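Written below as structure tokens is the structure these notes are about.
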Amino acid sequence: MAPDDDGPLAGHLLVAAPSLLDPNFHRTVVLVLDHTDDGALGLVLNRPSRTAVGELLEPWAAVAAAPGLVHVGGPVEPTAVIALGGVPPGVATDGWEPIVDGLRVVDLGADVALAATELTAIRVFAGYAGWGPGQLEAEVGEDAWLTAPAMATDALTADPDGLWPVAMERAGVDPRLLTTMPEDPSMN
């Protein structure tokens, strides 16, 4: 399902438009986890920190997706931890609603050995991105964000730095335009 002007964006990517210079979101890709009339919640997918998953959640390090770093999920509640996990085809979801096919939220309180049999890898995020009622819709309407369909591999990519141009292309932007674009478009 592609989002429309009135439809929910849960399970879709928000791709920061080149003109979005807010340092919290400049050139980010956000996976929207929840979007209702009360607001929206998402995770920045392409901001790895320097902290290894093993430093914070040692038992989960063995199933952490490369590069094995905790990602900065957004500016809200930086001590909150959310994990996403890849689910191989045919594995039962055990009541978990997938965010997109092959991707679900992971209960970090679960038994790691058991969870590892159900997951291809996990990505751990500190903090999240949040929008109040109508805020995200207004930002999309102002062209601060482009939208694109999400894939499970977006959240688990081994190349988070390369995700923004890939997502821009999926949102319909010719990648050749990005190669000549300055970091700050106002300097053009």
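As the structure is a computational prediction, the values presented were derived from the model and not from experiment. When reading the values below, keep in mind they use all heavy atoms of this one structure, side chains included, and skip hydrogens, waters and symmetry mates.
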Closest contact, heavy atoms only, V106 versus G85: CG2-N, 3.3 Å

Which residues share a side-chain hydrogen bond (donor to acceptor under 3.5 Å, both in side chains) with D22, sequence neighbours left out: N24

Smallest separation among heavy atoms of A16 and R27, with atom names: CB-N, 3.8 Å

Ring pair (Phe, Tyr, Trp, His ring centres under 6.0 Å) pairs, two or more places apart, involving residues 103-123: none

Same hydrophobic cluster for W60 and V72, using side-chain heavy-atom links shorter than 4.5 Å among ILVMFWY? no

Test V32 against H35 for side chain to side chain contact (heavy atoms under 4.5 Å, CB included), laying out the working first. CA-CA 7 Å; V32 180; H35 183 215; 4.0 Å; yes

My understanding is that only residues two or more places apart in sequence, or in another chain, count here; which of them pass side-chain hydrogen bond (donor to acceptor under 3.5 Å, both in side chains) with E142? none

Distance (rounded to the nearest 0.5 Å) between L14 CG and L9 CG: 6.0 Å

For side chain to side chain contact (heavy atoms under 4.5 Å, CB included), just list the numbers for V81 and L56, CA-CA rounded to whole Å, side-chain angles, deciding distance to a tenth of an Å, and then say yes or no. CA-CA 10 Å; V81 177; L56 296 180; 5.7 Å; no

D34 side chain vs A40 backbone, donor-acceptor pair below 3.5 Å: no

Single-linkage hydrophobic cluster, 4.5 Å side-chain cutoff, V105 and M151 together: no

Mind checking the CG-OG1 spacing from L163 to T28? Nearest 0.5 Å is all I need. 10.0 Å

Drop me the distance from L103's CG to T153's OG1, to the nearest 0.5 angstrom. 9.5 Å

What are the two closest heavy atoms between P67 and T157, and how far apart are they? CD-O, 4.4 Å

Rounded to the nearest 0.5 Å, how far apart are CH2 of W164 and NE2 of H26? 7.0 Å

More than 12 heavy atoms of other residues, nucleotides or ligands under 6.0 Å from CG of D107: is that the case? yes

Euclidean distance, I99 CD1 relative to R104 CZ, rounded to 0.5 Å: 10.0 Å

If I take atom CZ from residue R50 and atom CG from residue L69, how far apart are they, to the nearest 0.5 angstrom? 10.5 Å

Show every salt bridge (Lys or Arg N to Asp or Glu O under 4.0 Å) that has at least one partner inside residues 149-162, sequence neighbours left out. D154-R170

Transitive ILVMFWY side-chain link L13 to L146, under 4.5 Å: yes

Which heavy atom in L21 sits nearest to a heavy atom in P18, and how many Å separate them? CD2-O, 3.9 Å

Under the ring pair (Phe, Tyr, Trp, His ring centres under 6.0 Å) rule, what pairs show up with a residue in residues 118-162, not counting sequence neighbours? F25-W145, H71-F125

Closest non-hydrogen atom pair, A152 against V100: N-CG2, 3.6 Å

Hey, does the side chain of H12 reach the backbone of L31 with a donor-acceptor pair shorter than 3.5 angstrom? no

If you take all heavy atoms of A171 and T147, which pair is closest and at what distance? CB-O, 3.6 Å

Here's a test for you: under side-chain contact (heavy atoms from CB on, under 4.5 Å), which of V87, L84, L114 qualifies with L119? V87

Kindly indicate, with the supporting measurements, whether the criterion side chain to side chain contact (heavy atoms under 4.5 Å, CB included) is fulfilled by T120 and V63. CA-CA 7 Å; T120 57; V63 291; over 6 Å; no

Partners of A121 by side chain to side chain contact (heavy atoms under 4.5 Å, CB included), sequence neighbours excluded? A65

Using the side-chain contact (heavy atoms from CB on, under 4.5 Å) rule, pick out the option among V53, L156, V70 that qualifies with R123. L156

